[in-house]
Peer 1: 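Dropping the structure in here first, questions after.
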Amino acid sequence: MKSFDVVVLGGGPGGLTAGMMLTAMEKSVALVQAEHDDFGGVCLNRGCMPTKALLKAATAYRYARQGEKYGLDLSAGPVDLKRLRAVADADLDKLKGMIQGSIDPSPVTIFRGLGSFQSEHEILITKNDGSSEIIRGEQIIIATGSESVELPFAPFDGEYILSSDHMLKNTELPERLLIVGGGAIGCEFATMYHSFGSQVTLVEAFETLLPREDAEAGKALADAFENQGISVKTGTMIEALQVENGQVVVKYKGSETTEIVDKVLVGVGRKPMVAGLNLDAAGVEVEKGAIKVSPAMQTSVPHIFAVGDVTGGLMLAHAAEKAGAILAMNMAKGANASLDEDGVPRVVFSYPEVAAIGVSEVKAGMKSFTMSPVPNGRSVVDKVAPAFVKLFAEEESSVITGAIIVGEVATEMIHELALAVDNRLTLEQVGNTVHAHPTHSTNVVKAVHHFQYQA
Ligand SMILES: Cc1cc2nc3c(=O)[nH]c(=O)nc-3n(C[C@H](O)[C@H](O)[C@H](O)COP(=O)(O)OP(=O)(O)OC[C@H]3O[C@@H](n4cnc5c(N)ncnc54)[C@H](O)[C@@H]3O)c2cc1C
Ligand SMILES: NC(=O)c1ccc[n+]([C@@H]2O[C@H](COP(=O)([O-])OP(=O)(O)OC[C@H]3O[C@@H](n4cnc5c(N)ncnc54)[C@H](O)[C@@H]3O)[C@@H](O)[C@H]2O)c1
């Protein structure tokens, strides 16, 4: 039986980062990746990157259709999703090549297949062709990611009731698309398909979109969506989705009216990928569907660790990657460091974009300030809505503890506030920093100044 210092299950941002760092620190590492994805995990194969490639096409298409606004005569024919997907695939191939380029020269040992526990040190790897082998790890990292959650009354069928995985393979533009769930997936796909020309209805159970974020920002996003023509139904639950004659009949809870759509995307969250791991064979405990870990990512079995989406919490690629790096250092140096989730930016690539850092509500000893969106030079010539900026700070010290921005390039703008939160910078320090003209970021400094001088 082949034996390694560390066996890593899952080659997404969390597992790949941890595995490659441990290899660089001269551990013998086996990286086990299921055959249905290439290295890069959900993020590269069916998450962050294909969605962002298609959202870029959506932005280009939106600009082309609004050429007149800029004094341009542009013509935009209908969208061919097959062609867009082929372009996105070429991007993904480049990115996969870059990952492979870092794996190839490294001494890491690759296994392709599904890993599962045989005992607390042994992993069975089963390939699609049925062949299998068992390897041993002195230590083991579980980094198997997550999978889409289904609606109990309407399981995925891949044709009408779709997960984000299905939606990314879809090559037909639905005339009417219902999206269930106003989280990151719902808002990004609403932007994508609305831009491509579908009639989109976005349904969220809570009263605001992105309900884990600040409610005012969620409302600002919903208003922007409504102004564009996306139908947003917050505080709304669906009772039934019935496929009839090639369409889906949508029945809302507490209402007699029904709606007919062509396809439904269900984006109601993701759950840790623990199925099939045979965790009982190793005695690894699960809590609320996620692998139970200490802040330093140790499971209930001391030599087994878990990182990324499979641990629940923030399901973000950069969080998994950073946690993977911390875990690798912990394992190599016997340390106990943990990921500070307050320092992880949370961004949504909708139109407008939403980006947040740190706290999302006023806690004891804190104050907040919401700046009404004020047009500036950049927003006027770009012909876009000015950024909504909300800031949170400690009452006494004025140290910035959180921020949320809704607007053009918010996902880039957030990083100065991430630096502020991470380094306990004050409103004064950020306010004294000269911001280039004309940029959207001048609204951040304007918000800081208003916050400093408010009554
Ligand atoms: C549509 C969509 C868009 C997203 N967009 C963004 C974004 O823009 N920004 C962002 O930060 N995050 C985004 N995310 C979330 C991001 O993809 C995840 O948070 C991130 O990929 C988690 O990394 P991970 O390493 O924990 O797991 P994953 O990336 O899920 O990787 C785990 C890998 O392990 C493999 N695996 C599973 N079980 C086994 C097994 N038994 N044996 C071997 N291999 C196994 C899986 O096939 C997978 O390839 C998006 C997610 C989705 C679904
Ligand atoms: N840009 C990004 O970083 C990005 C993009 C896409 C996905 N992701 C990650 O992927 C994960 C999954 O995304 P997601 O959007 O599916 O999950 P999510 O948890 O972000 O949002 C799901 C939403 O669905 C709502 N919901 C749940 N059940 C519902 C129901 N029956 N009817 C109506 N609404 C319902 C919830 O209230 C919630 O607002 C998230 O952790 C997210 O962070 C990140």
Peer 1: Less than 4.5 Å apart, side chain to side chain, heavy atoms only: is that true for Y61 and V79?
Peer 2: yes
Peer 1: Got V29 and F4 here, is their nearest side-chain heavy-atom distance under 4.5 Å?
Peer 2: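 Contact flag for V29/F4 side chains = no.
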Peer 1: Could you tell me whether the side chain of V406 reaches within less than 4.5 Å of the side chain of P352, counting heavy atoms only?
Peer 2: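 Touching, per the 4.5 Å side-chain cut-off.
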Peer 1: Working to the nearest 0.5 angstrom, can you tell me the gap between I291 CD1 and L277 CG?
Peer 2: 6.0 Å
Peer 1: Identify, with sequence neighbours excluded, every residue that meets ring-ring contact (aromatic ring centres under 6.0 Å, His included) alongside Y70.
Peer 2: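 Once residues adjacent in sequence are excluded, the partners of Y70 under the ring-ring contact (aromatic ring centres under 6.0 Å, His included) criterion are Y63.
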Peer 1: Within the 4.5 Å heavy-atom criterion, are T59 and F349 side-chain neighbours or not?
Peer 2: no
Peer 1: Output all residues satisfying ring-ring contact (aromatic ring centres under 6.0 Å, His included) with F451, sequence neighbours left out; order by chain, then residue number.
Peer 2: F369
Peer 1: Which donor-acceptor pairs under 3.5 Å do the side chains of residues 301-314 make with protein atoms, sequence neighbours left out?
Peer 2:
residue: H303; atom: NE2; partner: E120; partner atom: O; Å: 2.5
residue: D309; atom: OD2; partner: S146; partner atom: OG; Å: 2.8
residue: T311; atom: OG1; partner: G308; partner atom: O; Å: 2.6

Peer 1: Give, for atom NE2 of H435 and atom NE2 of H440, the distance between the pair rounded to the nearest 0.5 Å.
Peer 2: 13.5 Å
Peer 1: Between K251 and S255 (side chain of the first, backbone of the second, donor and acceptor by atom type, cut-off under 3.5 Å), is there such a pair?
Peer 2: yes
Peer 1: With sequence neighbours excluded, what pairs up with K271 under the side chain to side chain donor-acceptor pair (under 3.5 Å) test?
Peer 2: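 Scan of K271 (side chain to side chain donor-acceptor pair (under 3.5 Å), adjacent residues dropped) gives none.
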Peer 1: What I'd like to find out is whether the side chain of E259 reaches to under 4.5 Å of the side chain of K233, using heavy atoms alone.
Peer 2: yes
Peer 1: Can we say E394 and R424 salt-bridge, meaning some charged N sits less than 4.0 Å from an Asp/Glu carboxylate O?
Peer 2: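 Result for this pair is yes, salt bridge flagged.
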Peer 1: Check whether any side-chain heavy atom of Y193 lies under 4.5 Å from a side-chain heavy atom of L81, and answer yes or no.
Peer 2: yes
Peer 1: With a 4.5 Å heavy-atom cut-off, do K367 and S398 have their side chains touching?
Peer 2: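 Result yes, sub-4.5 Å side-chain heavy-atom pair found.
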Peer 1: If you count the non-hydrogen atoms of other residues, nucleotides and ligands that lie under 6.0 Å from CZ in R65, is the total more than 12?
Peer 2: yes
Peer 1: Does V359 offer a backbone N or O that forms a donor-acceptor pair with the side chain of T401 under 3.5 Å?
Peer 2: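 Checking the backbone N and O of V359 against the side chain of T401, no donor-acceptor pair under 3.5 Å is found.
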Peer 1: Hey, what do you get for CE (M167) to OG (S148), rounding to the nearest 0.5 Å?
Peer 2: 12.5 Å
Peer 1: Taking atom types as modelled and ignoring hydrogens, do the side chains of T17 and E321 form a donor-acceptor contact shorter than 3.5 angstrom?
Peer 2: no
Peer 1: Among residues at least two apart in sequence or on other chains, which ones pass side chain to side chain donor-acceptor pair (under 3.5 Å) with K333?
Peer 2: none
Peer 1: Tell me the salt bridge (Lys or Arg N to Asp or Glu O under 4.0 Å) pairs involving residues 184-194, sequence neighbours left out?
Peer 2: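 The answer is K52-E188.
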Peer 1: Return the CZ to CD distance between F39 and Q33, rounded to the nearest 0.5 Å.
Peer 2: 5.5 Å
Peer 1: So if I apply the side chain to side chain contact (heavy atoms under 4.5 Å, CB included) rule between E416 and each of L425, I400, V444, which one comes out positive?
Peer 2: V444
Peer 1: Is any NZ, NE, NH1 or NH2 atom of the basic residue among K169 and D165 found under 4.0 Å from an Asp or Glu carboxylate oxygen of the other?
Peer 2: no
Peer 1: Hey, are the side chains of L92 and N45 touching, using non-hydrogen atoms and a 4.5 Å cut-off?
Peer 2: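 Not touching, per the 4.5 Å side-chain cut-off.
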Peer 1: Roughly how far, to the nearest 0.5 Å, is CG of D214 from CD of E361?
Peer 2: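 These two atoms lie 9.0 Å from each other.
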Peer 1: Nearest 0.5 Å please: distance from the CG atom of L391 over to the CD1 atom of I357.
Peer 2: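 L391 atom CG to I357 atom CD1 measures 12.5 Å (nearest 0.5 Å).
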Peer 1: Test your reading of the model: is there a side-chain donor-acceptor pair from S163 to the backbone of H166, 3.5 Å cut-off?
Peer 2: yes
